[in-house]
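Just below is one structure, and these are the notes that go with it.
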Amino acid sequence: MRSSCYILAFTIYLPVAIGLGQRIILWPAIWLFPTRRRRMVRAWLRFHARSALVMARTIANVRITVQGAIPAESCIVVMNHQSVLDIPIGLRLVPGPYPLIPTRDRYRWGIPGVSPLIRLARYPLVSQGRMLSRSELASLTDAAEQVARGEQSLLIFPEGHRSRDGGLGRFMRSGLRIVLSRAQRPVYCVVVHGMENARTFLDGLANFADLDVRINISGPLAPPPRGSSDNATDAFIDMLHARMAAMLAELDSEPGRGGRGTATDAHG
């Protein structure tokens, strides 16, 4: 019952609080104060991410524990993908410039609340095909250059899809290669554990309640120097995958809630 109530509440929240609120509050504010756009978008995204997680805690008793932290600076965050809560969690974990998130182009329209946010935040859009189109390449390159200048961060889910079993899948390398080859910013690995049974909204109707979600953050890591060969960049990506697989295995083996190290509440 708590799971279904949370999904219902969040389904209403998306078009009303996010969609309608963006139209009648945020867009007029951006029109009046265009130089403050990034600051206002950052505050808007963080507010709604926090709201989604507070609702998950209060309605469905979802417990989220975080080990490690990301400083308030422009950075690249590489995160595994387990559930529909991953994006609110990722937005809350990045305290500096708000992160651009490479997003499927078919999500740009048609999803109440979500699609307007994608357009508002100017996320780079990709089709996840085998080859990047010219427009996708331009979009990712522009995002990487913004990160390189320290104007934005970047949050990427290199698996491309939510895991079906909670494990770490293969990485799609094209987007990572573009970002790592252009943006000399600290790289952080974020691994989420405990949401594999709430992969979709449909799964969440029965499985959101009482989730014990544990998150581990590792970094900073220095990306390959700008101008490095593709082999060096691929070796760095392989290292990221191996590190995140080990982090996930460690969380999977830890009994109880919170694991080892200093824990903080992601809802704050």
Side-chain angles (χ1 to χ4, degrees), residues 1-30 40-64 66 79-94 98-123 125-126 128 155 157 159-166 190 192-215 265-268:
M1 180 64 71
R2 291 198 305 273
S3 298
S4 298
C5 286
Y6 171 70
I7 294 298
L8 176 62
F10 192 61
T11 301
I12 296 171
Y13 183 88
L14 284 171
V16 176
I18 299 180
L20 186 60
Q22 184 172 309
R23 178 172 296 182
I24 66 176
I25 298 173
L26 190 61
W27 278 118
I30 290 174
M40 288 189 286
V41 172
R42 175 185 178 275
W44 187 257
L45 292 173
R46 286 180 62 80
F47 172 79
H48 288 299
R50 183 179 187 276
S51 297
L53 298 179
V54 169
M55 289 168 58
R57 179 181 60 188
T58 56
I59 298 174
N61 192 35
V62 174
R63 301 174 298 276
I64 301 178
V66 183
M79 185 172 171
N80 70 321
H81 207 3
Q82 283 198 346
S83 101
V84 293
L85 275 184
D86 288 340
I87 290 178
I89 288 173
L91 290 171
R92 289 297 296 167
L93 292 177
V94 182
Y98 79 81
L100 301 174
I101 306 173
T103 304
R104 292 188 193 183
D105 54 4
R106 64 187 177 92
Y107 293 162
R108 184 178 183 182
W109 303 97
I111 305 177
V114 174
S115 296
L117 275 183
I118 290 171
R119 299 193 299 272
L120 170 76
R122 296 174 175 170
Y123 289 162
L125 300 173
V126 296
Q128 295 185 327
L155 171 62
F157 300 95
E159 295 165 280
H161 307 276
R162 290 186 290 270
S163 172
R164 294 188 178 277
D165 59 4
V190 174
V192 180
H193 177 273
M195 294 194 294
E196 59 274 9
N197 293 326
R199 179 176 175 268
T200 66
F201 276 105
L202 186 61
D203 295 334
L205 286 171
N207 298 323
F208 253 114
D210 301 320
L211 286 179
D212 187 1
V213 181
R214 288 177 284 177
I215 301 169
D265 188 347
H267 300 296

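Predicted model, so just to flag it, every value in this text is computed and none were measured. The first residue of the sequence shown is numbered 1, and numbering continues consecutively from there.
Remark: the backbone N or O of R108 is paired with a side-chain donor or acceptor of R119 at under 3.5 angstrom.
Between H48 and Y13, the two ring planes are perpendicular [angle over 60°; tilted spans 30° to 60°].
For the residue pair G194 and L211, the shortest heavy atom distance occurs at O-CD2, 3.5 Å. Considering every non-hydrogen atom in both I18 and G113, the closest pair reads CG2-O, 3.4 Å. Closest approach of A49 and P88 over heavy atoms only: CB-O, 3.5 Å. Contact record, M195 with S83: SD-OG, 3.4 Å, taken as the closest heavy-atom pair. Residues H81 and E159 share a closest heavy-atom pair of N-OE1, 2.9 Å. Taking each heavy atom of I111 and P116 in turn, the nearest pair found is O-CD, 3.7 Å.
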Go through the steps to decide whether I59 and F208 satisfy the test side chain to side chain contact (heavy atoms under 4.5 Å, CB included), and finish with yes or no. CA-CA 10 Å; I59 298 174; F208 253 114; over 6 Å; no
Verify side chain to side chain contact (heavy atoms under 4.5 Å, CB included) between H161 and R104, making sure each step is shown before the conclusion. CA-CA 10 Å; H161 307 276; R104 292 188 193 183; 2.4 Å; yes
Just do the side chain to side chain contact (heavy atoms under 4.5 Å, CB included) check on Y107 and L125 with the steps written out, would you? CA-CA 9 Å; Y107 293 162; L125 300 173; over 6 Å; no
Could you walk me through whether R46 and Y98 satisfy the side chain to side chain contact (heavy atoms under 4.5 Å, CB included) test, starting with their C-alpha distance in whole Å, then the side-chain angles of each, then the deciding distance to 0.1 Å, before giving a yes or no? CA-CA 8 Å; R46 286 180 62 80; Y98 79 81; over 6 Å; no
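Once rounded to the nearest 0.5 Å, the distance linking CG of L14 with CG of L20 reads 13.0 Å. Here I118 contributes atom CD1 and I101 contributes atom CD1; the two are 9.0 Å apart, rounded to the nearest 0.5 Å. Here I7 contributes atom CD1 and M55 contributes atom CE; the two are 9.0 Å apart, rounded to the nearest 0.5 Å.
No side-chain heavy atom of I87 sits less than 4.5 Å from a side-chain heavy atom of L155. Residues I89 and M79 have side chains in contact (heavy-atom distance under 4.5 Å, counting atoms from C-beta outward). Proximity of R2 to D210: side-chain heavy atoms (C-beta onward) are separated by under 4.5 Å at one or more points. With contacts defined as side-chain heavy-atom distances shorter than 4.5 Å, the pair L120/W27 qualifies. Within the 4.5 Å cutoff, side-chain heavy atoms of P99 are placed close to those of L91.
For R23, the CZ atom sits in a loose shell: 12 or fewer heavy atoms of surrounding residues, nucleotides or ligands are nearer than 6.0 Å.
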